[in-house]
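A short worksheet on the structure shown next.
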Amino acid sequence: MGLFDKFKAYLNEEDPADNEEQLVAEETVKVKKSWFTKQDTTESDEEDDIEEDLEYLDEAEDQDGKPVKKFTWGSKLKSMIASVAGKKGSINMDDEDVLEEVRQTKTVNAEIKAVQDFCEQLVDVSYHMEDLKKEYQVVTSYLTDIQRIEELPIDIATEIIENAKRIEMLDKNRHTYLQSENLLTMEQYKTLTRFEDEVPDTIKTLYEMEQRDSMLKNDMGHLEGEKESLKYRRRDCSVGIDRLRGILGTVLVLFMVTAMGVIWYGLSTRTNVVMPAMIIAAVVMLVFALCYAKYVDYKSEIKEADAKVKRAVSLLNKVKAKYINNTSTLDYIYDKYGVHSSKELEYMWAQYDIMNKDAMRYSQANNDFRVYCDQLVKRLEQIGVKDPLVWPKQTNALIDRREMVEIKHSLNVRRQSIREKLATCEKISDNAKIAIKASVELNPALENFVKEILTPFKVKM
């Protein structure tokens, strides 16, 4: 893009609605294209500079969003280029007056930009120097306070040191008491706070119910064992009765066979078999009597076992009902306090008591801490310390002189650093002022422009 093309693009950017001027400029660019292509490297560099200046002269926007020009030199340049384009074929692009006016406009724009940069630099440095001066005053005030404290009489210095020791001790106690906050979770603490009056009685009740729960478990175990034992004994009696029946059947068969044998023998031999028959009958009767007695005994045991089993089942049901009620109550209390046993609740209660006591101690220590801090601040104010509120947080420096020396050294290093920064800023400010004054002397028209920039910031040359 040639130099004239760049001017035309700037014009289009300034006033895109002016289509007639755009067409004229385009025709002029085509006619004079050969002139631009013959320019040397130096002119090409000038074109780049002018393009930067034109970008610097871009439009701004006011509060209503309408375009406004930053400087009158931009509009001047635009009108000049528009007049050149309007002459069409009658203009001579080799005219030295036109080129000289373009160069002058470029020089003015570069000068304005340089002055504006120096003005902005001067404003920034001025504000930074104000901040540094304030910080320097604060550091100097700290050092002055340290000097006053170090030059105190022995009695006043001793009083301040004792006060500082109390503050340090109370501060350590406060941190110690605060550590008890981790003994219980916030949820546990809130639960115990809510039922604070009930907890001691609940611990006793829980302990008793846990003992009862253990006893009921043992009773159920004994009753279950007794029930199973009675059932086993009843089965044994039933088996014994079955065996007796087998024995009686066998004896009856043997008796019948023996009786028939004895009768056959007596009939065949014509022998008297009354006596053997009576003996056999007596033995059979004796066996039957013994079996019957045992059968009656088994029946009695079975009846007794059934009665005991029934009673055991009844007792077991009662114990189970008590156990279920007791367990339900225990589960409710466990869920209520978020525990699993009375020992856990007792432990939580002990921790809760420690936390409450530590909270009271912390409150007392905190109140005492504030009282002694106020006393220290008032005493330091009386001896002329400018910033006494700093020292309650630096009591170790009041107690230990080595700590005070380290603080003083740190402040001196800090003040020296501020001095160096102030010297650098003053040098930058002086250079900017010299550059601005030189530019104004060369071009007095820039004086109002400089005032417009510096006046809102209250920066003086």
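Nothing fancy with the numbering, it's 1 onward along the sequence.
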Inset, instruction - Go through Ile146 and Met404 one step at a time and tell me if the side-chain contact (heavy atoms from CB on, under 4.5 Å) criterion holds. - result: CA-CA 8 Å; Ile146 292 175; Met404 185 69 81; 3.8 Å; yes
- Message: Assess the residue pair Asn448 and Glu452 against the criterion (side-chain hydrogen bond (donor to acceptor under 3.5 Å, both in side chains)); give the C-alpha distance rounded to whole Å, side-chain angles, the decisive distance to 0.1 Å, and a yes or no.
- Response: CA-CA 6 Å; Asn448 292 330; Glu452 288 179 0; over 6 Å; no
- Task: Using the side-chain contact (heavy atoms from CB on, under 4.5 Å) rule, take Val440 and Asn443 through it: C-alpha gap first, then chi angles, then the decisive distance, then the call.
- Result: CA-CA 5 Å; Val440 171; Asn443 189 357; over 6 Å; no
Quiz item: Can you check salt bridge (charged side-chain N to carboxylate O under 4.0 Å, His left out) on Glu304 and Lys308, steps first, answer last?
Solution: CA-CA 6 Å; Glu304 184 179 357; Lys308 289 182 178 180; 3.2 Å; yes
- Task: Check step by step if side-chain hydrogen bond (donor to acceptor under 3.5 Å, both in side chains) holds for Arg379 and Gln382.
- Result: CA-CA 5 Å; Arg379 191 58 175 147; Gln382 292 174 356; 2.7 Å; yes
List the steps and the verdict of side-chain contact (heavy atoms from CB on, under 4.5 Å) for Phe449 and Ile453. CA-CA 7 Å; Phe449 175 67; Ile453 296 177; 3.4 Å; yes
* Derivation and outcome, side-chain contact (heavy atoms from CB on, under 4.5 Å), residues Val309 and Arg234 -> CA-CA 10 Å; Val309 167; Arg234 189 183 185 285; over 6 Å; no
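Classification of Asp117 and Lys113 as a salt-bridged pair holds, one side-chain N sitting under 4.0 Å from a carboxylate O. Salt bridge Asp306/Lys303: absent, no basic N to carboxylate O contact under 4.0 Å. With respect to the salt-bridge test (charged N to carboxylate O, under 4.0 angstrom), the residues Lys427 and Asp430 do not qualify. Taking the charged nitrogens against the carboxylate oxygens, Lys357 and Asp353 do have a contact shorter than 4.0 Å, which makes a salt bridge. With respect to the salt-bridge test (charged N to carboxylate O, under 4.0 angstrom), the residues Lys451 and Glu447 qualify.
Pairs engaging residues 240-262 under the salt bridge (charged side-chain N to carboxylate O under 4.0 Å, His left out) rule: Asp242-Arg245 [sequence neighbours left out].
No donor-acceptor distance shorter than 3.5 angstrom exists from the side chain of Ser141 to the backbone of Gln137, with no hydrogens or angles considered. Remark: the backbone N or O of Ala293 is not paired with any side-chain donor or acceptor of Asp297 at under 3.5 angstrom. Side-chain N or O atoms of Ser328 include one that pairs as donor or acceptor with a backbone N or O of Ile324 at under 3.5 Å. Remark: side-chain polar atoms of Asn325 are paired, donor with acceptor, to backbone N or O of Ala321 under 3.5 angstrom. Remark: side-chain polar atoms of Thr158 are paired, donor with acceptor, to backbone N or O of Ile154 under 3.5 angstrom. Although no hydrogens or angles enter the test, the distance criterion places no donor-acceptor pair under 3.5 Å between the side chain of Ser214 and the main chain of Glu210. Arg361 places no side-chain N or O within donor-acceptor distance of the main-chain N or O of Tyr177, the cut-off being under 3.5 Å. Remark: side-chain polar atoms of Ser439 are paired, donor with acceptor, to backbone N or O of Ala435 under 3.5 angstrom. Ser363 contributes no side-chain N or O that, together with a main-chain N or O of Ala359, makes up a donor-acceptor pair within less than 3.5 Å. Listed for the Thr176 side chain is a donor-acceptor partner under 3.5 Å among the backbone atoms of Lys172.
Residues His340 and Glu344 share a closest heavy-atom pair of N-OE1, 2.9 Å. Gln121 and Ile428 make their closest contact through NE2-CG2, 3.7 Å (heavy atoms, listed as atom of the first residue, atom of the second, distance). Summarising the geometry of Val139 relative to Arg415, their closest heavy-atom pair is CG1-CB, 3.8 Å, with the distance given to 0.1 Å. Summarising the geometry of Glu403 relative to Ala397, their closest heavy-atom pair is CB-CA, 3.7 Å, with the distance given to 0.1 Å. Among all heavy-atom pairs drawn from Tyr372 and Asn163, the shortest one is O-OD1, 3.2 Å.
Taken to the nearest 0.5 Å, the CZ atom of Arg166 stands 8.0 Å off from the CE atom of Met169. Rounding to the nearest 0.5 Å gives a distance of 11.5 Å between NZ of Lys165 and CG of Leu398. Separating the CD1 atom in Ile418 from the OH atom in Tyr136 is a distance of 8.0 Å, to the nearest 0.5 Å. Rounding to the nearest 0.5 Å gives a distance of 12.5 Å between OG of Ser429 and NE2 of His128. Interatomic distance, Cys373 SG to Asp171 CG, rounded to the nearest 0.5 Å: 8.0 Å. Between the NZ atom of Lys408 and the CZ atom of Arg401 there is a distance of 8.0 Å, given to the nearest 0.5 Å.
Looking at Leu252 and Leu248, their side chains never come closer than 4.5 Å, going by heavy atoms from C-beta outward. Side-chain contact between Glu135 and Arg414: present, with at least one pair of heavy atoms (C-beta onward) separated by less than 4.5 Å.
Dense packing is recorded around CZ of Arg419, with more than 12 heavy atoms of other residues, nucleotides or ligands lying under 6.0 Å away. For Phe369, the CZ atom counts as densely surrounded, since its 6.0 Å shell holds more than 12 non-hydrogen atoms of other residues, nucleotides or ligands. At most 12 heavy atoms of other shown residues, nucleotides or ligands fall within 6.0 angstrom of atom CZ in Arg311.
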Can you list, pair by pair, the side-chain donor-acceptor contacts under 3.5 Å of residues 386-395, counting residues two or more places apart and other chains?
| residue | atom | partner | partner atom | Å |
| --- | --- | --- | --- | --- |
| Asp387 | OD2 | Tyr142 | OH | 3.4 |
| Thr395 | OG1 | Glu168 | OE2 | 3.3 |

Return all side-chain donor-acceptor pairs below 3.5 angstrom for residues 195-207, not counting sequence neighbours, or 'none' if the list is empty.
| residue | atom | partner | partner atom | Å |
| --- | --- | --- | --- | --- |
| Glu196 | OE1 | Tyr352 | OH | 3.4 |
| Glu198 | OE1 | Lys336 | NZ | 3.1 |
| Thr202 | OG1 | Glu198 | O | 2.7 |
| Thr202 | OG1 | Tyr337 | OH | 3.3 |
| Thr205 | OG1 | Asp201 | O | 2.9 |

For residues 219-233, please give each side-chain donor-acceptor pair under 3.5 Å, one per line with the distance, not counting sequence neighbours.
| residue | atom | partner | partner atom | Å |
| --- | --- | --- | --- | --- |
| Arg233 | NE | Glu301 | OE1 | 2.8 |
| Arg233 | NH2 | Glu301 | OE1 | 2.3 |
| Arg233 | NH2 | Glu301 | OE2 | 2.9 |

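A side chain to side chain contact (heavy atoms under 4.5 Å, CB included) with Phe255 is found for exactly one of Ile280, Val287, Val283, namely Ile280. For the side chain to side chain contact (heavy atoms under 4.5 Å, CB included) criterion with Thr140, the lone passing option out of Val138, Leu143, Thr144 is Thr144.
Annotation: cation-pi geometry satisfied between Lys294 and Tyr298 (NZ/CZ under 6.0 angstrom from ring centroid, within 45° of ring axis).
Remark: Tyr334 pairs with no residue by the ring pair (Phe, Tyr, Trp, His ring centres under 6.0 Å) rule, at least two apart or across chains. Taking the side chain to side chain donor-acceptor pair (under 3.5 Å) definition, one finds that Tyr189 meets it with Asn356, sequence neighbours left out.
If you check the side chains of Gln416 and Asn412, you find no donor sitting under 3.5 Å from an acceptor.
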